[in-house]
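Data first, discussion second: the structure below is written as structure tokens.
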Amino acid sequence: MSTAEKVAKGSIGVGLGEVIEKGSMFLRNLVLARMLTPADFGLGSTFVTTYLLFLMISSFSTNQYIVQSDSGDDPDLQNSVHTVELLRGIFSSLAIYFSAGLVASLFGVPDSKWAFQVLALIPLMLGLVHTDIYRFQREMKFAPSIVTAVVSDITSLLAAYPAALYYGNYTACLVCLLIKIFTYLVFSHLQSQRKFKLSFSLAHLKDLWFFGWPLLLNGGLIFLTLQGDKMIVGSGKQLFESSIFTLADLGAFSVAFSFTWIPTLMVIKVITKVILPYLAQVKDNPKVLSLRLISFFPFVGIYSVGILVVFMMGGGIIVSLFCGKEYLVDKYLIIWLAAANAVRVFRSLTGLCLLSIGDTKNYLNCNIIRGTAFLATLVVSSCGLYLNWIGFSIFMAELLSLIFSMFVVSNKHKISVKGSFPYLLLVAVLIPLLILVNHFLNPFDGMVFVRILISMAVMGSVSIGIILLMGETYRKNLMQLFRNLRNESRI
């Protein structure tokens, strides 16, 4: 099987796994949002924010290093990574436990200190995860990591209803989270090939440091980009007298964020798992790397358009239908979040290109630019503005970060990205167009059928346009690839 066929086959497998995994996550959040009050659901979302804060500011991205490094298959490297991750988990657990009272007071719920203390178990469990599930990805073997992630999320989903029924408050969110992490730990060992060992190799640790220190800073920035806004919304009243945010607003923001972020995260996970090793194979050949990079832009373009059309045209209807009108506190929040995530999918490709050639410093710089949205959220909260301005700030930060990443890839590393311009232009035109259409349809919010027809027309037209932009040779090669995969599946 050719490398391209391995990538295509891997993409299908990882994609299906991500659909099940993120679908389970979505359904779990849906069950909890339906059965809990917005305030309890909002407090439940702070548990994820809290443990991710301590984990992301201490992350060396060891799983990506195992995939990217030429020594990634060395048992000594893997054992050293296990040691680093365990030590990281121990220190993070201690930090969470002893800061639990401060964190609970920050969110205005000092009586919930015990719940934040229990969160200290999570970094410890993650520190014992077996890294074989990442090492297998070097050979385009994704089944172990897929099974581990899928089973953990399905188990957490199955626990959501009984936990919400029994506790009836934010404790249900905590229970689901602990079950998910524990299941992930257990299955990482069940799917492993080597024994879990701990050791130190100074040579490997030195290489890991040079690869990971920019990503160590990057982890903090990613936290700010993905969780920092929730932290400000949840603690707004404690930080600024003029803030109008409550835990109920945090619940509404978390729901809107989840609806747009989960499908985005799904495709980014597929891109990261499958495309990183594919690009890393030719990291020393800019021309071939450019061809491989550009070949994914049509698929990313169609996916981004789907996010835009679905959530910009029907986001308000989706939130009201699945979670209840009490979560629809700002109609334009989900519109701007959809636009931001459409841009982020494109940025994931250029960011992955930087990772594949080991330019973690500029990968860090991209997230520094994206992190400016956190500062904007502080301004929004201090000025007493509402959630839609946070959504707009996130969109602008994503856009600036995409522009910077494309500039670095093209000008510093001489990797041509010209082939991506038509797809980016389509999305650039579509965003203001959909905002304008949505504005004129405001008086007809009850006419769901009209919005569905418009969405289908836009999605169909743009998808056809992207297919035409691919070019005849590209389409023929793609069809031949799918025929080869189909024939192989029949054998």
Problem set entry | side-chain contact (heavy atoms from CB on, under 4.5 Å) between Y184 and V151, intermediate numbers included | CA-CA 7 Å; Y184 190 90; V151 172; over 6 Å; no
Check: [Y] main-chain N/O paired with [X] side-chain donor or acceptor under 3.5 Å:
X	Y	answer
Y327	A33	yes
S401	C366	yes
T264	T260	yes
S410	M406	no
S188	H130	yes
S92	R88	yes
S290	P286	no
S356	C353	yes
Y303	P263	yes
D359	N362	yes

Exercise. Can you check side-chain contact (heavy atoms from CB on, under 4.5 Å) on L426 and V305, steps first, answer last?
Worked result: CA-CA 9 Å; L426 276 176; V305 169; 5.7 Å; no
Return the [atom1] to [atom2] distance between [X] and [Y], rounded to the nearest 0.5 Å.
X	Y	atom1	atom2	value
F26	S258	CZ	OG	9.0 Å
I294	F421	CD1	CZ	8.5 Å
N367	T372	CG	OG1	11.0 Å
F407	L402	CZ	CG	14.0 Å
K230	T49	NZ	OG1	5.5 Å
S405	Y363	OG	OH	10.5 Å

Please tell me if the side chains of [X] and [Y] come closer than 4.5 Å, counting only heavy atoms from C-beta onward.
X	Y	value
I262	N29	yes
D153	L157	no
F187	I133	no
Q281	V288	no
L185	L126	no
N341	F311	no
V81	Y134	no
V300	S304	yes

Without hydrogens or angle criteria, can the side chains of [X] and [Y] be said to hold a donor-acceptor pair below 3.5 Å?
X	Y	result
S156	R28	yes
S152	T183	no
T148	Q191	no
D132	Q78	yes
Y386	D249	yes

Any idea which heavy atoms bring [X] and [Y] closest together, and the distance?
X	Y	answer
L308	A338	CD2-O, 3.9 Å
V343	E398	CG1-O, 3.6 Å
C176	A160	SG-CA, 3.5 Å
S348	I268	CB-CG1, 3.8 Å
S24	I154	OG-CG1, 3.4 Å
V233	F245	O-CB, 3.3 Å

For this session: Could you tell me whether F346 and Y423 have their ring centroids closer than 6.0 angstrom?
Result: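 Centroid distance F346-Y423: not below 6.0 Å, so no.
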Problem set entry | Residue of the set W336, Y332, F253 for which side-chain contact (heavy atoms from CB on, under 4.5 Å) holds with L387 |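 Between L387 and the candidates, side-chain contact (heavy atoms from CB on, under 4.5 Å) is satisfied uniquely by F253.
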Exercise. Run the side-chain contact (heavy atoms from CB on, under 4.5 Å) check on S254 and F41 step by step: do they pass?
Worked result: CA-CA 9 Å; S254 298; F41 184 74; 4.1 Å; yes
Problem set entry | Residue pair F296, L293: steps toward the side-chain contact (heavy atoms from CB on, under 4.5 Å) verdict | CA-CA 6 Å; F296 293 102; L293 176 65; 5.9 Å; no
Exercise. Passes side-chain hydrogen bond (donor to acceptor under 3.5 Å, both in side chains), S381 versus S243? Steps please.
Worked result: CA-CA 5 Å; S381 183; S243 176; 3.1 Å; yes
Exercise. Parallel, tilted or perpendicular: which describes the rings of F392 and W389, with under 30° parallel and over 60° perpendicular?
Worked result: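 Ring orientation, 0 to 90° scale: perpendicular.
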